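Notes for the one structure printed next.
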Amino acid sequence: MNEPVITPPSEQAPRKDFVRELVAADAASARFGRTIATRFPPEPNGFLHIGHAKSICLNFGIANEYGGRCNLRFDDTNPFTEDIKYVNAIKEDVRWLGFAWAEERYASDYFEKLYEFAELLVTKGSAYVDSESEEAIRTGRGTVTSAGKDSPFRNRSAEENLDLLRRMRAGEFADGVHVLRAKIDMTHPNMIMRDPLLIRIRKASHYRRGDAWCIYPLYDYAHGLSDAMEGITHSLCTLEFKDNNDIYRWLVREAGFDIPPEQTEFARLELDYTIVSKRKLLRLVNEGHVGGWDDPRMPTIAGLRRRGVTPEAIRAFASTIGVARKEARTELATFEHEVRNDLNMRVPRVLCVVKPLKVVLTNYPEGEVEELDASFYPHDVPLTGSRKVPFSRELWIERDDFMEAPPKKFFRLAPGREVRLRYGYFITCQEVIKDAAGEIVELRCTYDPATRGGDSPDGRKVQGTIHWVSAARGLDCELRMYDRLFAVPDPEAGGDDVDFTKALNPTSLITVSGAKIEPGVVTDAAGTRYQFERTGYFMSDPVDSRPDRLVFNRTVTLRDSWVKVIAKG
RNA sequence: UGCCCCUUGGUGUAACUGGCAACACGUCUGCCUCUGGAGCAGAAGAGUCUAGGUUCGAGACCUAGAGGGGCAACCA
């Protein structure tokens, strides 16, 4: 099936959030004297997640809206944790989300330049080589409520600092022996300004630079300068970097950039029943709590993609949650709404029985199979297309669609009651067959030949329409019923004292084998999305599904007002 | 015993930058329906953390509190 490309209404008119207002003002006043430039700066040490998607939509979105450009820059300054496999995954995810970067950049390409700035700072007396131990540096920094104290190495001469710096680069010292620090103020009220570390020695090979370097810049040092070198105008990051803004400005100014980029912070996404911490997601992967970074339960872009979520839905979601400075949690319902809203308008409907119960139509000719017309789309979806669905004497219907003693408002099948088989006939339940244990194993029903296609010539109505699959022609399939990964809205509520894996939802994946699906789907490529009528949205698993072993991932259930009815009694 | 940020219905965002709070999700009613989906119609739900102040008038401004969050990694 080919899905139409649809732009959700919520994406058509982006709301002016405070960041966009700021950019709009700067664009109008030509404050930077250059085109608006943003960047998305992931560290290649993990997969991108839904929280990154928010940032991607913001950065690329703004660039698009203001005729600017957005770079994809890998903030790869830590050789211990980064890997090329992550850069590849990140690039794929950004593209899949629908964005094109102006340039692909790497902080590791700036090492030489960054080193030159370091010599400049040292020469100016704005930075020095500290030879204290890691421990001494930590204690020397003081605490949030008490001032730090100067390092004994703080007043080395420019010459000595330069000599040491060069020898650091030359590899003369072991890890941790020396470190380059900015010379600012050890009593600064902002902890980050207490002579922050700029460059450290790391005798490790870098996934891109190999062994070319043994000194590596730290985030604060590399980030702002990278922005400045790329001509970024608006450097957007999350709230936890607010305090880093001071060092960002200090450094860019020290390095001599006249119109420095402006860093603006916004609140990161917090989604109920999920976590968005690369460190913790990595742990889920490493400890085998999930099948990998692309496990459909993961909030990663790769996981959502494999689950069947579309990029349009993710973008629409980013648009509706908006951007603000307030730390907030978003309800899962908001996300699910965008997913359903998008899928509803684009995917074909198909019949699949999750928990089959056999129905025998006693008055239907044995051995006969007829092909019934079934539309792929409901009347209110402006798409056309239909297929033939085989109908036969023996059928599967949903176990939950039959009740021997139905409560009030139960519109489905029950003894003596007539319902419509979707696209098929009206059938009436005549007899319930049970096994020795009293379990219902089969229903004997009669069908009304005059209702072929689902309408009765005499105009009689049925209250319920249920889905079904021909027992003679239906195919077996596996259904992976995914649910929220965590059992509680805020899995990180207890902080680091509480093991967040304790909050994992034990039923986040329920595998159903022996489900029955109409045969037409075998010819569709893996990765095809459907709505299984009355059940939910599904996508055939792109890696495990094959014609001889169909596997479908549940993307999201349909809204179910019936559960509310029974909940109320 | 510090610095910084935040505080609007259940949730997320708005409010032309001072003129009696809007949109979306969710919830509830009803209608409609060959998906108990979708759609349609409607409803409930905050007086904007608190207390002062400025003003004819404040969610927006000022002051003081309270509550929440961030910062003491040679992580980003």
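Chain A is the first sequence line, chain B the second, and so forth, proteins listed ahead of strands; every chain is numbered from 1. Note that the structure is a prediction, hence the values are computed from the model and not measured.
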side-chain contact (heavy atoms from CB on, under 4.5 Å) between His49(A) and Thr274(A), intermediate numbers included: CA-CA 11 Å; His49(A) 54 62; Thr274(A) 81; over 6 Å; no

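A syn base is found at G47(B): its glycosidic angle is within 90° of 0. For U17(B), the base adopts the syn conformation, since its glycosidic angle falls within 90 degrees of zero.
Between G18(B) and G53(B), the two C1' atoms lie 15 Å apart (nearest whole Å). Across A43(B) and G26(B), the matching C1' atoms stand 14 Å from one another, rounded to whole Å. Atom C1' of A21(B) sits at a distance of 12 Å from the matching atom of A58(B), rounded to the whole Å. Taking atom P on both G30(B) and U17(B), the two are 44 Å apart, rounded to the nearest angstrom. Here the separation of C20(B) from G59(B), taken at their C1' atoms, is 11 Å to the nearest Å. With C1' as the reference atom, G9(B) and U48(B) are 10 Å apart, rounded to whole Å. A distance of about 37 Å separates the C1' atoms of G65(B) and C75(B), rounded to the whole Å. For the P atoms, the distance from A15(B) to G2(B) is 34 Å, rounded to whole Å.
G2(B): Watson-Crick or G-U partner is C71(B), with both key distances under 3.5 Å. Pairing partner, C31(B): G39(B), with both Watson-Crick or wobble hydrogen-bond distances short of 3.5 Å. Of the nucleotides present, U63(B) is the one that pairs with A51(B) by Watson-Crick or G-U wobble criteria, both distances under 3.5 Å. Nucleotide A22(B) forms a Watson-Crick or G-U wobble pair with U13(B), both donor-acceptor distances falling under 3.5 Å.
The residue Arg420(A) sits close to a base: some heavy atom pair falls under 4.0 Å. At the heavy-atom level, Tyr423(A) lies under 4.0 Å from base atoms of the strands shown. The residue Val323(A) sits close only to the backbone: its heavy atoms come under 4.0 Å of sugar-phosphate atoms, none of a base. No contact: Glu336(A) has no heavy atom under 4.0 Å from any strand. Phe426(A) comes within 4.0 angstrom of nothing in the nucleic acid, heavy atoms only. Note on Glu327(A): only backbone sugar-phosphate atoms sit closer than 4.0 angstrom, heavy atoms only; bases stay farther off.
Of the two residues contacting RNA chain B, namely Arg340(A) and Tyr537(A), the nearest-nucleotide position lying further toward the 5' end is that of Arg340(A).
Remark: Asp109(A) does not engage Arg105(A) in a salt bridge, criterion side-chain N to carboxylate O under 4.0 Å. Between Glu82(A) and Arg208(A), none of the side-chain N atoms (NZ, or NE/NH1/NH2) sits under 4.0 Å from a carboxylate O, so this pair counts as no salt bridge.
Taking only side-chain nitrogens and oxygens, Arg422(A) never comes nearer than 4.0 Å to OP1 or OP2 of G36(B). Residue His337(A) places at least one side-chain N or O under 4.0 Å from the OP1 or OP2 atom of C25(B).
Using a 3.5 Å distance cut-off with no hydrogens or angles, the side chains of Tyr219(A) and Asn244(A) do not pair a donor with an acceptor. For the residue pair Asp76(A)/Ser108(A), the side-chain donor-acceptor check at 3.5 Å is satisfied.
For Asp560(A) against G37(B), no side-chain N or O and base N or O form a donor-acceptor pair under 3.5 Å. One donor-acceptor pair, N or O on each side, does fall under 3.5 Å between the base of G36(B) and the side chain of Arg412(A). Between the side chain of Arg329(A) and the base of U11(B), no donor-acceptor pair of N or O atoms lies under 3.5 Å.
Residues Leu271(A) and Leu332(A) have side chains in contact (heavy-atom distance under 4.5 Å, counting atoms from C-beta outward).
Of the candidate nucleotides G37(B), C5(B), G36(B), G37(B) has the atom lying nearest to any side-chain atom of His379(A). Taking only side-chain atoms of Lys564(A), from C-beta outward, the nucleotide of C28(B), A38(B), C25(B) with the closest atom is C28(B). Nearest nucleotide to the Asp17(A) side chain, out of G37(B), A14(B), G12(B): A14(B). Taking only side-chain atoms of Thr145(A), from C-beta outward, the nucleotide of U35(B), G2(B), G36(B) with the closest atom is G2(B).
Rounded to whole angstrom, the span from the CG atom of Asp342(A) across to the P atom of A38(B) amounts to 15 Å. Taking atom CZ on Arg249(A) and atom P on C4(B), their separation rounds to 13 Å, with Å as the unit. Regarding Glu533(A), its CD atom lies at a distance of 13 Å from the P atom of G37(B), rounded to whole Å. Taking atom CD of Glu265(A) as the reference point, atom C1' of G69(B) lies 14 Å away to the nearest angstrom. Whole-Å rounding puts the Lys326(A) NZ to G67(B) C1' distance at 14 Å. In this structure, the CZ atom of Phe411(A) is 15 Å from the C1' atom of G37(B), given to the nearest Å. The distance from atom CD1 of Ile466(A) to atom P of U35(B) is 13 Å, rounded to the nearest whole Å. G37(B) atom C1' lies 15 Å from atom CZ of Phe532(A), rounded to whole Å.
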B/S/- contact track for nucleotides 71-76 of chain B, protein heavy atom under 4.0 Å: BBSBSB

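A distance of 7.0 Å separates OH of Tyr221(A) from CZ of Phe117(A), quoted to the nearest 0.5 Å. Taking NE2 of His467(A) as the reference point, atom CG of Leu351(A) lies at 8.0 Å (rounded to 0.5 Å).
Nearest approach of Arg387(A) to Ser375(A), heavy atoms of both residues: NH1-O, 2.8 Å.
A side chain to side chain donor-acceptor pair (under 3.5 Å) check over residues 187-199 of chain A, counting only residues at least two apart or in different chains, returns the pairs Tyr128(A)-Asp195(A), Arg154(A)-Asp195(A), Asp185(A)-Thr187(A), Asn190(A)-Asp246(A).
Counting only distance, with no hydrogens or angles, the side chain of Lys203(A) and the backbone of Phe173(A) share a donor-acceptor pair below 3.5 Å.
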